[in-house]
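Counting starts at 1 for both ligands and their atoms, in listed order. Predicted model, so just to flag it, every value in this text is computed and none were measured.
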Amino acid sequence: MKGNYVFVTGGVVSSLGKGISTASLAAVLEARGLRVTIMKLDPYINVDPGTMSPIQHGEVFITEDGAETDLDLGHYERFIRTKMTKYNNFTSGRVYADVLYKERHGDYLGATVQVVPHVTNVIKEYIIRVGEDGKYDIVFVEIGGTVGDIESLPFLEAVRQMIVEIGREHALCIHLTLLPYIATSGEIKTKPTQHSVKELLSIGIQPDVLICRSNRVMEPADRSKIALFCNVSKHAVISLHDVDSIYKIPALLKSQNLDTYICNRFCLQCPESDLSEWNRVVYQQEHPLGSVTIGIIGKYIKLADAYKSVIEALQHAGLKNRLAVNIRLIDSQNIEHNGVNSLRNLDAILVPGGFGYRGVEGKIISVKYARENNIPYFGICLGMQVALIEFARHVANMPAANSTEFMPNCKYPVISLINEWKMKNMQFTYNEDISNNNALIGSKKILLLDHIRSGMRLGGQICYISEGSLAYRLYGKSTVLERHRHRYEVNVKFLKAIEDHGLHVVGFSEKKKLVEIIEYPNHPWFLASQFHPEFTSTPRDGHPLFTGFVKAAGEYQRSLFS
Ligand code: GLN
């Protein structure tokens, strides 16, 4: 077995920021020149998060190779440069689906199929597969959930076995816990951490490192006490106290030499980490030269995590423009009922992706408001579809234009499924553009799942951009790879009529088959894409479309005062 593995478990309570902590630590090791990647193991039974409500679980993050994954993979890609793949995230459901498939197929040759060893073996196979080609010096494996949960037991048992099999010189376990502060006694309490480690020990895992979340810096006495009672070296008890920016966490971990501890353990020779890029990000964040207010018009606004990557990408664009970005999450249904009042005082309007009709009319009203009032508009996926519908209805004389997702028999189905508008002379091969549809691990397809999810255009696909367009100026090139997650497309039958009224298609998929980017040149900044640029934005590099959009928000704000 090749590579070194760092397993990250969580204790005491959920939502301690295991994903961000793991990603930050991986960033420090990457900054030492090491090749790192991160996996997320989710204990729930859904085969992947693709069918889960964004209000419950947060956004579904799409990898370049077309997998619908946990939003933690978004944190990973924002912190390290390694691209996540469909192999970097799996759930209990995926594992059980694989085991049950093999059982029905007769692969177990009559054996009684059990959690140990059959389920745990598949978990180990999936983990080992990521490290086995020797591409990485360290594979981080974050185990979702909290130690003590029934669901995560098979994962922890697999981790225990892996530590034995690959040896402690190639495996290390980090446990993330909480040190609550009791105001009445003025003390940090270590008991929950001790109990959580005891729980982990009862499963057979001795943590090597404890990362302790707290709202204050850990005192030396607490560090000694935790080290002694939890059987961990004092240097491996790390204080992860609250900081005002997640971008400060890599430096916080480095300041306590956690990266050196890990390198020594794995006998990895490498230079000190160079965190200058992260320091620059923190500097940019702390020294804005102004601020803008941007409205995200959506329907999943009860949980900001539903728009995690969009919010992050706007913040990254703020860093690039040295502008603090205030984000207002606005309920599109509220606009339907109460009009555009909530859109006033915004410097720019963004309509993100979404599924289903609820709230769509409010989004169309928002596009119209942005278009007519010269307010910068950025539409993403559904946000592009509603922009096109709005233009068709109000400018291109196609009243009641709609998407067949919302109104199957509408008169002007300007957005519809490919097989609804496919023209004979297009010689369109469906699979050519829907090439990344199989995000499943291995060769086995889960038939039920395929039935529900068929026809989804998923993952990175090439978009060709017309020279002279706003998109071309922003990207500075004519070919880009961007990620998709949608089923409906612009119906090319109506394109000419719409373009004749001034909306431009400036981005196409291969062989000009599918619309990727639209612009309205008769407006200061009106651009919408069928793909999701938010998934490739990072704090260090930003994303050209978001950077351009936030800049336009600043210009719009200035124009009001000039
Ligand atoms: N519901 C639309 C479609 O399936 C848009 C999807 C999205 O915004 N991600 O095409």
Side-chain angles (χ1 to χ4, degrees), residues 48-55 57-64 66-69 71 74 296-301 305-311 313 329 332 349-364 366-367 377-390 392 401-408 410 413-422 430 433-434 436-437 439 451-461 463 482-492 494 507 509 513-518 527-537 545:
D48 65 35
T51 54
M52 291 164 84
S53 160
I55 301 174
H57 192 71
E59 85 176 4
V60 176
F61 184 80
I62 307 300
T63 57
E64 193 172 286
E68 297 177 292
T69 67
L71 85 174
I296 296 181
I297 321 299
K299 69 168 177 179
Y300 310 123
I301 60 155
D305 269 0
Y307 299 114
K308 187 71 195 165
S309 292
V310 173
I311 292 172
L329 292 177
S332 50
I349 291 176
L350 186 152
V351 175
F355 291 84
Y357 186 52
R358 186 169 65 83
V360 161
E361 293 300 330
K363 292 175 186 174
I364 292 174
S366 308
V367 182
Y377 177 79
F378 192 5
I380 295 177
C381 207
L382 179 63
M384 184 194 97
Q385 299 176 354
V386 291
L388 197 104
I389 294 169
E390 190 279 320
N402 218 323
S403 162
T404 54
E405 178 179 4
F406 316 129
M407 196 177 282
C410 57
V414 292
I415 308 287
S416 42
L417 294 173
I418 295 176
N419 54 16
E420 289 170 342
W421 56 256
K422 194 175 83 178
Y430 197 75
D433 276 90
I434 319 285
N436 277 317
N437 197 18
H451 169 71
I452 299 169
R453 312 205 54 69
S454 63
M456 192 76 112
R457 187 145 75 109
L458 282 170
Q461 296 182 13
C463 163
E482 292 283 8
R483 300 182 195 177
H484 290 252
R485 183 187 186 225
H486 58 101
R487 202 175 277 116
Y488 292 80
E489 305 281 352
V490 173
N491 186 339
V492 293
F494 298 96
S509 72
K513 280 177 199 152
L514 301 170
V515 172
E516 295 279 4
I517 306 174
I518 58 171
L527 184 151
S529 65
Q530 186 59 79
F531 52 77
H532 290 266
E534 70 272 25
F535 292 137
T536 46
S537 176
L545 297 186

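Summary of contacts: the protein heavy atom closest to atom 10 (O) of ligand 1 is Tyr488 N, 2.8 Å. In terms of protein heavy-atom proximity, atom 1 (N) of ligand 1 is nearest to Glu405 OE1, 2.7 Å. For atom 7 (C) of ligand 1, the nearest protein heavy atom (residue, atom name, distance) is Cys381 SG, 3.0 Å. The nearest protein atom to atom 5 (C) of ligand 1, hydrogens excluded, is given as Gly354 O, 3.3 Å; this is a heavy-atom distance. Among protein heavy atoms, atom 3 (C) of ligand 1 sits closest to Arg487 N, 3.5 Å.
Contacts of Glu489 with ligand 1, taken as heavy-atom pairs under 4.0 Å, are absent altogether. Residue-level proximity to ligand 1 for Met456 is absent, since no heavy atom of it falls below 4.0 angstrom.
For the pair Tyr488 and Phe355, the minimum side-chain heavy-atom distance is 4.5 Å or more.
Counted by atom type alone, Ser509 and Gln461 present zero donor-acceptor pairs between their side chains at under 3.5 Å. For the residue pair Gln385 / Ser403, no side-chain donor-acceptor distance below 3.5 Å is found, with atom types taken as modelled.
Close approach of ligand 1 to His532 (heavy-atom distance below 4.0 Å) involves ligand atoms 9 (N).
Counting only distance, with no hydrogens or angles, the side chain of Arg485 and the backbone of Gly50 share a donor-acceptor pair below 3.5 Å. Formation of a donor-acceptor pair under 3.5 Å by the Glu534 side chain with backbone atoms of Ile311 is not found in this model. Remark: side-chain polar atoms of Asn491 are not paired, donor with acceptor, to backbone N or O of Ser416 under 3.5 angstrom.
At least one N or O atom of Leu382, backbone or side chain, sits closer than 3.5 Å to an N or O atom of ligand 1.
In this structure, Arg457 has no heavy atom closer than 4.0 Å to ligand 1.
The pair Glu516-Arg457 counts as a salt bridge, with a side-chain nitrogen and a carboxylate oxygen less than 4.0 angstrom apart.
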### Query
Can you check side-chain hydrogen bond (donor to acceptor under 3.5 Å, both in side chains) on Glu59 and Ser309, steps first, answer last?
CA-CA 8 Å; Glu59 85 176 4; Ser309 292; 2.5 Å; yes
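Closest to atom 9 (N) of ligand 1 by heavy atom, among Gln385, His486, Arg485, is Arg485.
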